[in-house]
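This report concerns only the one structure given below.
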Amino acid sequence: MSTINGLPAHVLLVHGVVVLVPLTAALLILCALWRAARSRLIWLTAGLAVLVTALTPLTVQAGWWFKEKVGSTPAIDHHAQLGRLMTYFVVPLLIAAILLVVVHVREQRDQAFGRVALAVVAVLVLAAGAGAMVQAYRVGDSGAHAVWGGIAA
């Protein structure tokens with residue numbers, strides 16, 4: 001994917017990743033820690049996890065195409081390397097969502113997991129969510145500096 005309506009696809013798709021990854025992570029954490037939220041939001045959250053897992057590699061691929069068009073600088077190279085790793089942070093979000101769906105389905109069937117299992121799932125979700133949020137920030141910040149870093153305010 002190179003362009004959308006004449007614009008580089010990366011500069012459009014990246015906004016979806018920057019918004020949806022932290023939103024998905026925050027919703028997963030909320031669902032892990034609060035059963036009432038899980039019962040209302042888990043399916044939306046799982047759908048978002050699937051979406052960001054699909055959107056992230058497309059955004060990375062479009063970014064590599066865009067990098068070839070605009071040329072390479074140390075800042076762009078750094079951003080590209082961080083961005084390439086983003087997929088490794090969204091896949092755990094998908095796994096966390098699947099775990100929470102299993103927890104939710106079992107709760108609905110009156111076959112809830114015990115406290116220890118729920119705590120383990122919550123810790124895994126917290127780790128996946130925090131990691132994805134931090135990496136999304138690092139990638140976005142490096143991209144902003146690559147684009148806007150040389151412009152004086």
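Evaluation of the side chain to side chain donor-acceptor pair (under 3.5 Å) test over residues 39-56, restricted to residues two or more places apart or in two chains, returns none. Counting only residues at least two apart or in different chains, salt bridge (charged side-chain N to carboxylate O under 4.0 Å, His left out) contacts with residues 23-38 comprise Arg35-Glu107, Arg38-Glu107. Among residues at least two apart or in separate chains, side chain to side chain donor-acceptor pair (under 3.5 Å) pairs with a member in residues 127-139 are Gln135-Arg138. Counting only residues at least two apart or on different chains, no salt bridge (charged side-chain N to carboxylate O under 4.0 Å, His left out) pair has a member in residues 119-135. Contacts classified as salt bridge (charged side-chain N to carboxylate O under 4.0 Å, His left out) and involving residues 9-29 (residues at least two apart or in different chains) are not found. Residue pairs meeting the salt bridge (charged side-chain N to carboxylate O under 4.0 Å, His left out) criterion with at least one member in residues 54-67, sequence neighbours excluded, are Lys67-Asp77.
What you find for Ala49 and Leu93 is that their closest heavy atoms are CB-O, 4.1 Å. Heavy-atom minimum distance, Leu28 versus Ala97: CD2-CA, 3.6 Å. For Ala128 against Ala96, the heavy-atom pair with the smallest separation is CB-CB, 4.4 Å.
Both Val105 and Val125 are assigned to one and the same hydrophobic cluster, defined by single-linkage of ILVMFWY side chains at heavy-atom distances under 4.5 Å. Under the 4.5 Å side-chain heavy-atom criterion for grouping Ile, Leu, Val, Met, Phe, Trp and Tyr, Val50 is not connected to Ile29 through any hydrophobic cluster. One hydrophobic cluster, built from ILVMFWY side chains closer than 4.5 Å, holds both Leu23 and Phe89. Cluster annotation: Leu51 and Val14 are assigned to distinct hydrophobic clusters (Ile/Leu/Val/Met/Phe/Trp/Tyr, side-chain heavy-atom contacts under 4.5 Å, transitive). Clustering ILVMFWY residues whenever any of their side-chain heavy atoms sit less than 4.5 angstrom apart, transitively, puts Val18 in a cluster other than the one holding Leu27.
Taking the side chain to side chain contact (heavy atoms under 4.5 Å, CB included) definition, one finds that Ala37 meets it with Leu30, Trp34, Leu41, sequence neighbours left out. Annotation: side chain to side chain donor-acceptor pair (under 3.5 Å) contacts of Asp141 (sequence neighbours excluded): His145. Not counting sequence neighbours, the partners of His79 by the side chain to side chain donor-acceptor pair (under 3.5 Å) test are Ser142. Residues passing the side chain to side chain contact (heavy atoms under 4.5 Å, CB included) test with Ala26 are Met133, sequence neighbours excluded. By the side chain to side chain donor-acceptor pair (under 3.5 Å) test, Arg84 is found to be paired with Gln81, residues two or more places apart in sequence or in another chain being considered. With sequence neighbours left out, Glu68 forms a side chain to side chain contact (heavy atoms under 4.5 Å, CB included) with no residue at all.
The OG1 atom of Thr87 lies 10.5 Å from the CD atom of Gln61; values are rounded to the nearest 0.5 Å. How far CG of Leu94 is from CG of Leu99: 10.0 Å, rounded to the nearest 0.5 Å.
Two residues are said to be in side-chain contact when any heavy atoms from C-beta on lie closer than 4.5 Å; Thr24 and Val21 fail this criterion. Between Val103 and Leu118, the closest side-chain pair of non-hydrogen atoms falls below 4.5 Å.
Using modelled atom types, no side-chain atom of His10 and backbone atom of Phe66 make a donor-acceptor pair closer than 3.5 Å.
For OH of Tyr88, the number of neighbouring non-hydrogen atoms (other residues, nucleotides, ligands) closer than 6.0 Å is 12 at most.
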